[in-house]
2 protein chains.
Amino acid sequence: MSGGVEWALHCCVVLTGMTEPVPAARLAEFHDVSPTYLAKQLQALSRAGLVRSVQGQAGGYVLTRAAEEISVLDVVEAVDGRAPAFVCTEIRQRGPFAATPEACRTPCGITKVMIEADRAWRESLRATSIADLAGTVARDVGAETLPRAQAWIAQRD
Amino acid sequence: MSGGVEWALHCCVVLTGMTEPVPAARLAEFHDVSPTYLAKQLQALSRAGLVRSVQGQAGGYVLTRAAEEISVLDVVEAVDGRAPAFVCTEIRQRGPFAATPEACRTPCGITKVMIEADRAWRESLRATSIADLAGTVARDVGAETLPRAQAWIAQRD
DNA sequence: TTGACTCGGACATGGGTTGTCCGGGTACGT
DNA sequence: ACGTACCCGGACAACCCATGTCCGAGTCAA
Ligand code: SF4
Ligand code: SF4
């Protein structure tokens with residue numbers, strides 16, 4: 001899995017409850033990561049419709065909907081793509097005992113198992129929302145930490 | 001996911017019920033794939049203890065236990081490794097609002113979600129065995145296909 | 001003893017993710 | 001209305017791991 005997923009998730013969590021647009025550079029400074037590369041991840045989120053980008057001075061990114069309506073799966077798929085991890089090479093159609101193409105209409109047993117496992121993985125990721133994540137960080141490091149961090153992000157130098 | 005997983009699974013299926021050792025070169029010829037690269041995957045299976053390799057003339061690979069006792073997850077983990085897909089970079093310990101290391105003893109919410117999803121994925125893969133896969137190919141392409149293929153593999157030129 | 005065949009780990013190559021850059025565009029301040 | 005400064009967006013390289021290959025050590029059969 002792409003490492004940028006972690007960055008994107010952290011950004012979505014800190015964007016929770018933010019009313020003003022936040023520039024990508026400030027998010028990068030907050031997390032101490034490469035600003036340009038983080039920008040790429042945010043662009044992916046923007047393409048997926050999870051965040052809305054406003055340009056010009058005092059621009060930045062804002063969530064398009066409530067944090068309860070954004071699942072972890074949405075973020076993962078936005079950054080890493082919607083393609084399944086396992087892709088069949090159709091090697092059963094090769095070699096001396098090659099199967100006929102019309103026999104390969106329906107996915108074989110191996111592919112079925114992989115698709116089912118992929119579905120279970122995605123379902124598990126869909127069960128948690130960004131708001132849930134924000135709640136866990138409130139329980140882990142204290143309820144006042146997130147608002148203070150958001151205040152630091154909101155102030156413009 | 002590594003593409004070699006598909007090759008390894010196919011090899012395990014055709015090895016079902018094989019009593020004589022099968023060389024890697026013959027398996028490669030049967031599937032029409034690179035012999036040397038397939039050998040690498042079989043070596044991984046050997047290291048994981050799923051197959052036993054016998055050397056010398058008339059050597060090859062044999063399953064170490066019954067196909068019912070080998071799950072798809074075993075093969076996947078043998079080839080692709082046991083490491084989880086998501087690895088945390090601990091970026092919460094960086095930046096102006098860095099968390100203290102002692103606060104990071106327990107995994108955060110993001111990591112918990114990822115671990116849970118990974119567990120669900122592996123559990124789904126563990127539910128199916130190689131014997132089940134052999135059964136599905138019997139239902140899909142006919143019950144006599146697999147024995148005939150195995151007979152072709154068993155004969156030595 | 002000979003021989004030949006097998007596996008095993010060490011060695012190149014390519015595609016993909018990571019990381020970076022500059023141009024188009026927008027909103028603010030004058 | 002103009003200038004300006006800022007921000008986003010997609011196009012451009014660098015690094016790394018998966019892919020693919022090779023030859024030597026070991027082993028069994030003859
Ligand atoms: S038999 Fe299944 S895994 Fe093998 S090539 Fe066909 S679809 Fe892919
Ligand atoms: S808060 Fe969670 S996801 Fe973020 S760096 Fe720490 S463990 Fe990783």
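Scope of the values below: all heavy atoms of this structure, side chains included, with no hydrogens, waters or symmetry mates. Proteins get letters first, then strands, A, B, ... in listed order; numbering begins at 1 in each. Worth saying up front: this structure is predicted, and the values here are computed from it rather than measured.
- Both A/Ala39 and A/Gly3 lie close to DNA chain C; mapped to their nearest nucleotides by heavy-atom distance, the more 5′-ward contact belongs to A/Gly3.
- Between B/Phe30 and B/Trp152, the ring planes are tilted. Angles from 30° to 60° get that label.
- For B/Tyr61, a side-chain nitrogen or oxygen approaches OP1 or OP2 of C/dG8 to under 4.0 Å.
- Side-chain atoms of B/Thr64 come within 3.5 Å of backbone atoms of B/Gly49 as a donor-acceptor pair (strictly under, hydrogens ignored).
- If you check every strand for non-hydrogen atoms under 4.0 Å, B/Arg47 touches sugar and phosphate atoms only.
- When the side-chain nitrogen and oxygen atoms of B/Ser46 are compared with OP1 and OP2 of C/dC7, none of them lie within a distance under 4.0 Å.
- Atom pair B/Gln43:CD and D/dG24:C1' shows a separation of 13 Å (rounding to whole Å applied).
- When the P atom of C/dG15 is taken as reference, atom OH of B/Tyr37 falls 14 Å away, rounded to whole Å.
- A donor-acceptor contact shorter than 3.5 Å links the side chain of B/Asp74 to the backbone of B/Ser71.
- Comparing B/Gln55 and B/Asp80, the nucleotide of DNA chain D nearest to each residue sits closer to the 5' end for B/Asp80.
- To the nearest angstrom, P of C/dC7 lies 8 Å from CG of B/Leu42.
- Residue B/Arg26 contributes atom CZ, which lies 17 Å from atom C1' of C/dC7 at whole-angstrom precision.
- Of the candidates C/dC5, D/dC7, C/dC7, C/dC7 carries the atom nearest the B/Ala24 side chain, counting heavy atoms from C-beta on.
- For C/dT6, neither phosphate oxygen OP1 nor OP2 lies less than 4.0 angstrom from any side-chain nitrogen or oxygen of B/Ser53.
- The nearest whole Å value for the distance from the CG atom in B/Leu45 to the C1' atom in C/dG9 is 17 Å.
- Phosphate contact (OP1/OP2 of C/dT18, side-chain N/O of A/Ser2, threshold under 4.0 Å): present.
- Here A/Thr36 lies in heavy-atom contact (under 4.0 Å) with a base.
- Contact of the B/Val62 side chain with the B/Val22 side chain is not registered, since no non-hydrogen atoms from C-beta on lie closer than 4.5 Å.
- No option in B/Glu6, B/His31, B/His10 other than B/Glu6 meets the side chain to side chain contact (heavy atoms under 4.5 Å, CB included) test with A/Thr89.
- At C/dT18, none of the side-chain N or O atoms of A/Ser34 fall inside 4.0 Å of OP1 or OP2 (strictly under the cut-off).
- Regarding B/Met1, its CE atom lies at a distance of 22 Å from the P atom of C/dG15, rounded to whole Å.
- Separating the CG atom of B/Leu38 from the P atom of D/dT19 is a distance of 13 Å, rounded to the nearest angstrom.
- One atom, NZ of B/Lys40, and another, C1' of C/dG8, lie 10 Å apart when rounded to the nearest Å.
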